[in-house]
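Report on one structure; see the data block that follows.
Just so it is clear, the structure is predicted and the values come from calculations on it, not from any experiment. In listed order, ligands and their atoms are each counted from 1.
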Amino acid sequence: MNKTIYILNGSNLNLLGQRQPEIYGHDTLADVERACAAVAAEKGFEIRLFQSNHEGAIIDTIHEARHSACGIVINPGAYTHTSVAILDALNAFDGPVIECHISNIHKREGFRHHSYVSLRADGVLAGLGVEGYALAVRRICSLCSK
Ligand code: CA2
């Protein structure tokens with residue numbers, strides 16, 4: 001069985017740790033990658049972390065995941081609230097999907113309260129900071145070990 005977990009990040013998340021630390025904290029995506037790789041390795045899995053500001057590139061990577069990943073952790077950034085296309089791509093993926101938001105989107109502006117991706121996600125984390133990613137990876141490991 002495939003033991004790779006894809007960790008997909010959407011728009012502006014390349015800026016993590018560089019701006020707005022009061023909302024998103026001080027850790028960078030490289031820190032997220034290290035934390036997730038450590039959790040995955042404990043369980044005998046590996047990760048591939050990907051970030052893009054382009055919706056189509058995220059969709060292409062979800063298509064790639066159909067053949068290369070056992071599960072997906074996804075923080076689509078603002079595409080969460082707008083992208084039927086990312087939802088459609090995730091609906092073509094057979095494994096578990098966990099949606100992860102650094103901030104608590106339900107405590108923020110009304111336009112962040114709706115997520116298209118939640119219509120597909122098997123679980124949703126929001127407001128746990130970047131620690132949410134490693135928790136999501138742990139959950140994917142457990143779902144992919146059944
Ligand atoms: O809380 C989250 O993880 C979000 O997915 C982050 C998105 C936002 O549009 C969603 O509503 C909630 C924004 C990501 C922007 O990331 C930045 C990180 C550091 C500095 C600037 C932007």
S115 side chain to E99 side chain, donor-acceptor N/O pair below 3.5 angstrom: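 Judged by distance alone, the side chains do pair up.
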
[X] side chain vs [Y] backbone, donor-acceptor pair below 3.5 Å:
| X | Y | answer |
| --- | --- | --- |
| Y116 | D88 | no |
| D122 | I98 | no |
| H81 | H114 | yes |

Ring-face cation contact, Y6 with R48, 6.0 Å cut, 45° max: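 The answer is yes; both the distance and angle limits are met.
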
Any protein N/O atoms within less than 3.5 Å of an N/O atom in ligand 1? List the atom names and distances, or say none.
{"unit_1": "ligand 1", "atom_1": "1 (O)", "unit_2": "I102", "atom_2": "N", "d": "3.3"}
{"unit_1": "ligand 1", "atom_1": "1 (O)", "unit_2": "S103", "atom_2": "N", "d": "2.8"}
{"unit_1": "ligand 1", "atom_1": "1 (O)", "unit_2": "S103", "atom_2": "OG", "d": "2.5"}
{"unit_1": "ligand 1", "atom_1": "3 (O)", "unit_2": "N75", "atom_2": "ND2", "d": "2.8"}
{"unit_1": "ligand 1", "atom_1": "3 (O)", "unit_2": "I102", "atom_2": "N", "d": "2.8"}
{"unit_1": "ligand 1", "atom_1": "5 (O)", "unit_2": "N75", "atom_2": "OD1", "d": "2.8"}
{"unit_1": "ligand 1", "atom_1": "5 (O)", "unit_2": "H101", "atom_2": "ND1", "d": "2.9"}
{"unit_1": "ligand 1", "atom_1": "9 (O)", "unit_2": "A78", "atom_2": "N", "d": "3.4"}
{"unit_1": "ligand 1", "atom_1": "9 (O)", "unit_2": "R112", "atom_2": "NH1", "d": "2.9"}
{"unit_1": "ligand 1", "atom_1": "11 (O)", "unit_2": "H81", "atom_2": "NE2", "d": "2.7"}
{"unit_1": "ligand 1", "atom_1": "11 (O)", "unit_2": "R112", "atom_2": "NH1", "d": "2.9"}

Whether H106 and H113 hold their rings parallel, tilted or perpendicular, with breakpoints at 30° and 60°: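 It falls in the tilted class, 30° to 60°.
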
